[in-house]
Amino acid sequence: MNIIRTVRSVAFSSIPNRTLSTTRSLSTPSAQYTAFEVNDKTGIATLTLNRPPVNSLNLELLTEMRNCLKDAETNKCKGLIITSSSNSVFTAGLDLLEMYQPQDERVKSFWTALQSMWMELYGSKIPTAAAINGHAPAGGCLIATACEYRVMLPNFTIGLNETLIGIVAPKWFVSAFLNVVPRRVAEQAITQGKLFTTAEAHNVGLVDDVVNTKEEAIAKCEQFIGSFKNVNPYARALTKQQFRIKELQELEQQREKDLQIFLGLIMQPSVQKAMGIYLEGLKKKSKKQ
Ligand SMILES: CCCCCCCC/C=C\C=C\CC(=O)SCCNC(=O)CCNC(=O)[C@H](O)C(C)(C)COP(=O)(O)OP(=O)(O)OC[C@H]1O[C@@H](n2cnc3c(N)ncnc32)[C@H](O)[C@@H]1OP(=O)(O)O
């Protein structure tokens with residue numbers, strides 16, 4: 001892949017207890033919806049989702065996320081932090097416009113890219129952390145739970161709310177959720193389509209920490225990644241794999257079937273109708289604001 005390397009100085013003087021550092025921006029020429037930077041001092045990469053207004057995950061954004069993760073691994077980064085450029089939304093989840101009245105080939109590529117992104121993030125060799133600085137419904141929660149550590153800002157929401165839109169969270173969405181939330185809590189919440197407030201999410205273990213600012217969230221993620229500094233990266237990666245291999249193999253072996261189930265479900269007229277009504281509701285709410 002053709003990676004452009006630019007060196008950009010970032011003054012951290014406004015952040016207490018931090019020495020001056022630099023970040024390298026590594027970005028593909030086509031990167032449109034993401035910013036990817038590596039801190040030269042810590043070796044930690046940050047992937048910032050930047051697709052206004054709500055970072056909804058379309059095919060292009062998913063592809064860029066995959067490229068960033070690959071860059072972080074190829075460049076032997078110490079870890080990867082995922083965050084958002086928005087002050088209120090981490091990501092609104094999958095772009096509903098990819099699934100509402102979709103084009104056949106595009107929607108297949110879209111779902112396949114989502115499967116790949118999830119498998120690559122969930123199974124990544126390097127430590128991964130989510131600095132959740134806004135709402136994280138559905139696909140947003142999927143990305144957060146694919147990471148090893150989550151820190152969230154107050155007064156936002158996170159969860160798998162698919163049933164409220166008339167769709168079903170696939171098994172692999174649920175499996176990562178089950179890594180962090182007790183089974184009974186998970187079953188009740190996902191069948192209800194519950195979105196947890198930050199405080200509730202912290203209470204059930206869906207997020208590990210709560211802090212007040214994005215800077216603090218990034219610092220917490222850095223702390224988590226830094227906690228592996230005395231651990232052999234190879235041993236760490238293999239150990240992580242032992243915990244995650246089952247879900248990864250399950251999806252890998254069922255990719256085509258999973259795609260067909262997805263297509264079968266979203267193409268049902270009743271599901272298309274429910275999605276249309278949901279989208280309309282979002283648009284009406286957006287106009288009122
Ligand atoms: C048996 C096994 C079967 C397995 C089958 C598998 C099938 C699975 C299929 C799909 C799975 C999907 C998972 C998903 O991720 S679906 C997406 C779920 N997301 C949501 O429900 C979130 C919806 N959005 C919101 O609640 C809010 O937008 C919020 C994130 C809280 C931000 O609020 P706010 O800042 O007030 O922004 P607005 O609501 O005003 O939105 C601004 C504009 O953005 C549009 N929008 C919002 N979300 C989406 C989205 N996800 N996709 C596309 N567009 C979105 C919204 O309509 C506004 O648009 P406009 O400005 O044109 O009016």
Side-chain angles (χ1 to χ4, degrees), residues 15 17-18 39 42 44-49 55 65 69 72 77-84 86-91 93 118 121-161 169 172-190 194-231 233 236-237 239-244 247:
I15 303 168
N17 303 325
R18 265 223 168 124
N39 183 310
T42 62
I44 296 172
T46 303
L47 157 54
T48 305
L49 305 173
N55 287 331
M65 291 176 72
L69 181 58
C77 290
K78 297 284 184 223
L80 176 73
I81 299 169
I82 303 181
T83 192
S84 159
S86 159
N87 288 328
S88 58
V89 185
F90 177 66
T91 145
W118 182 78
L121 182 60
Y122 189 69
S124 169
K125 292 187 184 70
I126 60 175
T128 51
I132 310 166
N133 55 331
H135 296 291
C141 180
L142 178 76
I143 290 173
T145 53
C147 294
E148 292 165 56
Y149 170 81
R150 284 153 294 284
V151 56
M152 190 164 173
L153 268 55
N155 305 319
F156 293 120
T157 57
I158 181 167
L160 295 176
N161 62 329
W172 45 285
F173 281 44
V174 174
S175 63
F177 196 90
L178 279 171
N179 283 343
V180 288
V181 171
R183 197 173 178 85
R184 174 159 169 70
V185 177
E187 182 178 330
Q188 233 175 57
I190 298 173
K194 178 178 170 66
L195 288 171
F196 294 84
T197 62
T198 302
E200 289 170 336
H202 191 216
N203 206 22
V204 295
L206 183 51
V207 298
D208 300 293
D209 276 304
V210 179
V211 293
N212 287 315
T213 65
K214 181 175 176 180
E215 288 73 22
E216 287 173 299
I218 299 285
K220 278 277 183 191
C221 291
E222 287 172 345
Q223 224 175 59
F224 170 77
I225 292 168
S227 70
F228 297 108
K229 76 171 186 293
N230 296 325
V231 177
R236 203 203 83 89
T239 306
K240 175 176 172 179
Q241 196 188 56
Q242 287 183 44
F243 278 92
R244 299 185 173 216
E247 295 84 30

So which heavy atom on Thr91 is nearest to which on Gly93, and how close?
-> OG1-N, 2.8 Å
Gap separating the NZ atom of Lys125 from the CG atom of Leu69, nearest 0.5 angstrom | 10.0 Å
Find the distance between CZ (Arg244) and CG (Asn179) and round it off to the nearest 0.5 Å.
-> 6.0 Å
Closest contact, heavy atoms only, Arg150 versus Val180 | NH2-CG1, 3.0 Å
Can you name the residues that form a side-chain contact (heavy atoms from CB on, under 4.5 Å) with Ala146, not counting sequence neighbours?
-> Trp118, Leu121, Tyr122
The side-chain hydrogen bond (donor to acceptor under 3.5 Å, both in side chains) partners of Ser124 (sequence neighbours excluded) come to Glu73
Enter the distance from Asn39:CG to Glu222:CD here, rounded to the nearest 0.5 Å.
-> 6.5 Å
At their closest point, which heavy atom of Phe90 faces which heavy atom of Asn55, and how far apart are they?
-> O-ND2, 3.0 Å
Scanning both residues in full, the closest heavy-atom pair of Ile126 with Gly79 reads CD1-C, 4.0 Å
Is the backbone of Leu153 close enough, under 3.5 Å, to the side chain of Thr198 for a donor and an acceptor to pair up by distance?
-> yes
Mind checking the CD1-OG1 spacing from Ile218 to Thr48? Nearest 0.5 Å is all I need.
-> 6.5 Å
Could you tell me whether the side chain of Arg183 reaches within less than 4.5 Å of the side chain of Leu178, counting heavy atoms only?
-> yes
Ser88 and Phe156 have their tightest heavy-atom pair at O-CE2, 3.6 Å
Report yes or no: does Asp209 contribute a side-chain atom to a donor-acceptor pair with the main-chain N or O of Val151 at less than 3.5 Å?
-> no
For residues 127-141, which side-chain N or O atoms pair as donor and acceptor with protein atoms under 3.5 Å away, sequence neighbours left out?
unit_1: Thr128; atom_1: OG1; unit_2: Glu148; atom_2: N; d: 3.2
unit_1: Asn133; atom_1: OD1; unit_2: Thr83; atom_2: OG1; d: 3.3
unit_1: Asn133; atom_1: OD1; unit_2: Ser84; atom_2: N; d: 3.3
unit_1: Asn133; atom_1: ND2; unit_2: Ser84; atom_2: O; d: 2.8
unit_1: Asn133; atom_1: ND2; unit_2: Ser86; atom_2: O; d: 3.3
unit_1: His135; atom_1: ND1; unit_2: Thr157; atom_2: N; d: 3.1
unit_1: His135; atom_1: ND1; unit_2: Thr157; atom_2: OG1; d: 2.8

Considering residues at least two apart in sequence or located in another chain, which fulfil the ring-ring contact (aromatic ring centres under 6.0 Å, His included) criterion with Phe224?
-> Tyr149, Phe228
Over all atoms of both residues, closest heavy-atom pair of Ala201 and Ile158 = CB-CG2, 3.6 Å
Mind checking what makes ring-ring contact (aromatic ring centres under 6.0 Å, His included) contact with Phe196, not counting sequence neighbours?
-> none
Got Ile143 and Met65 here, is their nearest side-chain heavy-atom distance under 4.5 Å?
-> yes
Taking only residues two or more places apart in sequence or in another chain, which ones pass side-chain hydrogen bond (donor to acceptor under 3.5 Å, both in side chains) with Lys194?
-> Glu200
Would you mind reporting whether Thr145 and Phe173 have side-chain heavy atoms less than 4.5 Å apart?
-> no
